[in-house]
Amino acid sequence: MSVRVRFAPSPTGKLHLGNVRTAIFNYLYARNKGGKFILRLEDTDAERSTEESVKNLISDLKWLGIQWDEGPEVGGNYGPYRQTERYHIYKEHLEKLVKEGKAYPCYCDKESLDRLREEAREKGRNFIYPGTCRNLTEKERKEKEAANIKPSFRLKITPHTVSFNDLIRGNVSIHTDLFGDFIIVRQDLSPTYNFAVVIDDYLMKITDVLRGEDHLSNTPKQIILYDMFGYEKPRFGHFSMILGPDNSKLSKRHGDVSLAAFREKGFLSEALFNALALLGWSDPDEREILKIEELMERFSLDRINKSAAVFDENKFRYINKQHIISLDIKDFAEKAKPYFEKEEIIPKEFDENIQNWFLKLCELIQKRVTLLSDVVSQSKTVFEYDPSAIDDEGRAVLEEEECLKVILAYAVKSENRDLTTREKYIELVNEIKNELKVKGKNLYHPLRLCVSSSMSGPDLDILVPVIEIGASLDLPIKIESSSKRAWRLVNFLREQGYKI
Ligand code: GLU
């Protein structure tokens, strides 16, 4: 039978990186095997599930590039795909188990159960339901019902060891004494996670249940249910946890680890996808930068690591940078645009002239940004010039031989001169070079000071045309031409007592 896997989040908050990785592994596994990926919403927690979470979850997954074959919005043959729409199914299943004597109503009240739980905790033991209601007579049950006590329903467990072969961890054995007669349906008739998940996974024909290690202790309970229903079991696989840099489970303690937070920070969806796929899985050729299609082709469960993966944001940033560099320039510009719009550097609507200039600006910075949100700060040198901000490195240049002459020559010669192409700029530089007989750093360092207040940055032959074209355009932000910058530098130096 072809592979069918599912991602089954509870819409109770923001989708965090750990969950997203589970979705990604399932998605890659399905695509690699030519199978189906199903999205199911486990929204039975009425207090914590919200429609807003559902909406965000769906848009987060879409943003990431995950396309489900069945589930909310797309439908499918095994729906509904929201657990709150499946209560009638759970009810039938409960009735069957009760009828067969495999489950029983429990009338114990919360207070007495809490007391037992507390006692167990004090003794350092696991709480196990003592079976108070397990063997009530029909008469006793009737009395409870007559007293209007609403029961929850528990599964009748025969003590034994449950073993299964985990696709990732190998043989796992857990004794039922760890949990005892657990609840499958609550007093309000809502199913518990373990009950609903088995029924849904079976009816949705899930072949492989792949999820985080935090669910390992639930799996024996689910296996017992499969056996009680007489249902064929899926394969199970549990991914190791993701740890924060301090080796504790990745959580809010490590900052906002939601997918939304990383999107807002300026990560590309394909880079986040790539980086998350490498948290616990490694490429057969140890490649680190992979497109989603490549990941689909190369993914396999046997390269999933059994030990925990450690989240390292710097690694994520490195991967993001590589993905940004490999973007087609138009694509990069499209993604960078909102950041410039927000800072009111470019207008929302613009003509071809601005578009051509904007592409050049993007070319200038594409290799320099790590996060998309860096685009504005990385282009600062195009928009800002302040001779008084020249740092010590730049100040040292002012003492170099012929420096002041080069600065003055640039100011004079660039006035009213077309410097909107690389060639025209180089022509001017050659003129200065030949007239003043200066070359190398004695020429280039002072030239940089004329245009930029920082000694590092993009090469001048590509920076100057971007500044010059920008200065000629009608932009919300006014760009100062390199000639005006150079004159401001000259005046500034004169004020400072330089003989220029
Ligand atoms: N709703 C569960 C969760 O979000 C699903 C676990 C599972 O995949 O079985 O953790």
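We use all heavy atoms of the structure for the numbers below, so side chains are in, but hydrogens, waters and symmetry mates are not. Note that ligands are numbered from 1 as they come in the structure, with each ligand's atoms numbered from 1 the same way. In this chain, residues are counted from 1 in sequence order.
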| field | Set of residues satisfying side-chain contact (heavy atoms from CB on, under 4.5 Å) with respect to Glu293, sequence neighbours excluded | value | Lys291
| query | What about Phe153 and Phe195, are their ring centers closer than 6.0 Å? | reply | no
| said: Please list, in number order, the atoms of ligand 1 under 4.0 Å from a heavy atom of Arg211. | reply: 7 (C), 8 (O), 9 (O)
| field | Within-cut-off N or O pair, Asn19 and ligand 1, under 3.5 Å | value | no
| query | Does Phe299 have its ring centroid less than 6.0 Å away from the ring centroid of Phe25? | reply | yes
| Side chain to side chain, Thr176 and Lys221, heavy atoms closer than 4.5 Å | no
| query | Heavy atoms only: which of Gln222, Glu42, Arg6 is nearest to atom 8 (O) of ligand 1? | reply | Arg6
| query | Which atoms of ligand 1 sit under 4.0 Å from any heavy atom of His215? | reply | 3 (C), 6 (C), 10 (O)
| said: Would you say the rings of Tyr193 and His215 are close, in the sense that their centroids are separated by under 6.0 Å? | reply: yes
| Of all the heavy atoms in Tyr193, does at least one lie under 4.0 Å from an atom in ligand 1? | yes
| query | Does an N or O anywhere in Ala8 fall below 3.5 Å from an N or O of ligand 1? | reply | yes
| task | Identify, by atom number and element, the atoms of ligand 1 in contact range of Val197, meaning under 4.0 Å from any of its heavy atoms. | result | 9 (O)
| request: Check whether NZ of the Lys or CZ of the Arg Lys265 lies under 6.0 Å from the centre of the six-membered ring of Phe316 and within 45 degrees of that ring's axis. | output: no
